[in-house]
Amino acid sequence: MRDVRIQKVLSEQGVCSRRAAEQIIREGRVKLNGRPVSVGDKMDTMKDLLSVDGQRIYIPKTQEHVYIMLNKPRGFITTTSDELGRKTVMDLLSDLDVRVFPIGRLDKDSEGMLLFTNDGSFANLLTHPSHGVSKLYRVTVRPHATEEQILELTKGVKLDDGSVTQPAVIQVVSDEPERTVMEMTIREGKNRQIRRMCEAVGLDVIRLRRNAMGAVKLGMLQPGQYRELTKSEINALRAAAIKGKAKAQTVSQQKAAEERKATKAANQRRKPAKQTKNKGGFRR
């Protein structure tokens with residue numbers, strides 16, 4: 001394919017996100033046919049040779065998109081490679097004959113649903129912050145979670161970096177003197193968000209498992225096992241992301257309209273009153 005932006009190619013081949021691709025391009029680490037490139041440069045994927053840090057990026061001439069669900073066990077990090085030699089989620093897909101990359105991430109001590117694909121557009125659609133695809137987690141915390149703490153989480157909490165989370169939907173599954181098991185649904189994807197939310201209200205997460213994304217559920221898939229997503233599951237995830245994108249655009253447009261209205265009203269208040277003339281002189 002001709003005239004494809006290089007950062008898009010890097011994203012679709014699972015090298016990194018488009019934003020990260022722009023950064024490594026600026027750092028001079030990306031070359032096209034042996035020459036450094038600039039952000040926005042394009043390439044012919046059928047002819048040009050692309051490399052990152054001297055390593056060639058192989059671009060299939062024809063590529064069939066693949067969509068995988070893995071039940072990630074604890075102890076594996078979500079990355080395509082690790083310089084420290086730690087176990088990665090790619091080790092669990094070693095018998096897969098197609099190169100894929102993870103959509104989003106789960107930290108080392110978390111488990112559950114993790115999606116993979118070689119479809120960069122699909123991955124970007126699901127991970128874009130404004131699209132808000134729901135994610136359901138089963139969370140075990142200690143000590144016992146009080147009603148006040150759960151209420152704080154549902155309203156949204158201030159994290160350690162000063163950001164405030166969106167409201168969460170919480171259902172208590174079991175409540176014991178020393179621990180509480182909850183199902184938490186969020187629509188964001190901040191780094192280690194569930195753990196940081198719980199820490200913000202004084203709770204320690206001792207187990208965290210992602211059970212669903214949108215309408216797609218982990219089901220009976222065993223830890224360490226993977227399967228291909230069905231067409232209906234792929235369509236459901238895509239539809240959820242598109243719906244979230246449309247909602248975000250509507251909210252943005254409404255906010256912009258309200259700001260314009262407020263600005264117009266403020267400007268009108270600042271205008272001096274018109275003066276009219278009568279027999280005795282001027283009056284307001």
Note to self: For Glu27, I'd like to know if atom CD has over 12 heavy atoms of other residues, nucleotides or ligands within 6.0 Å.
What the structure shows: yes
Note to self: With a 6.0 Å cut-off (strictly less than), is the heavy-atom count around NZ of Lys31, excluding the residue itself, greater than 12?
What the structure shows: no
Note to self: Could you walk me through whether Tyr67 and Phe122 satisfy the ring-ring contact (aromatic ring centres under 6.0 Å, His included) test, starting with their C-alpha distance in whole Å, then the side-chain angles of each, then the deciding distance to 0.1 Å, before giving a yes or no?
What the structure shows: CA-CA 9 Å; Tyr67 308 89; Phe122 181 77; 4.9 Å; yes
Notebook entry, point to check: In the single-linkage hydrophobic clustering (I, L, V, M, F, W, Y; side-chain heavy atoms under 4.5 Å), do Phe101 and Leu96 co-cluster?
Noted result: no
Notebook entry, point to check: Do the side chain of Thr180 and the main chain of Ala145 share a donor and acceptor less than 3.5 angstrom apart?
Noted result: yes
Note to self: My understanding is that only one of Asp41, Asn33, Val39 makes a side-chain contact (heavy atoms from CB on, under 4.5 Å) with Val37; could you say which?
What the structure shows: Asp41
Checklist line | By side-chain hydrogen bond (donor to acceptor under 3.5 Å, both in side chains) - contacts of Arg86 (at least two apart) | finding: Asp82
Next item on the list: List the steps and the verdict of side-chain contact (heavy atoms from CB on, under 4.5 Å) for Ile242 and Leu125.
Entry: CA-CA 8 Å; Ile242 292 173; Leu125 188 64; 4.2 Å; yes
Check: Side-chain donor-acceptor pair under 3.5 Å between His65 and Asn118, yes or no?
Finding: no
Margin query: My understanding is that only residues two or more places apart in sequence, or in another chain, count here; which of them pass side-chain hydrogen bond (donor to acceptor under 3.5 Å, both in side chains) with Arg138?
Written below: none
Check: For Arg192, which residues count as a side-chain hydrogen bond (donor to acceptor under 3.5 Å, both in side chains) partner, sequence neighbours excluded?
Finding: none
Item checked: Arg142 atom CZ, over 12 foreign heavy atoms within 6.0 Å -> no
Check: Is there a donor-acceptor pair closer than 3.5 Å between any side-chain N or O of Lys135 and the backbone N or O of Val133?
Finding: yes
Check: Are Ser110 and Asp107 close enough that a side-chain donor and a side-chain acceptor fall under 3.5 Å?
Finding: yes
Check: If you take all heavy atoms of Ile103 and Ala123, which pair is closest and at what distance?
Finding: CG1-CB, 4.0 Å
Notebook entry, point to check: Can a donor-acceptor pair be found between the side chains of Thr117 and Asp119 at a distance below 3.5 Å?
Noted result: no
Next item on the list: Determine whether more than 12 heavy atoms belonging to other residues, nucleotides or ligands lie under 6.0 Å from atom CD of Glu147.
Entry: no
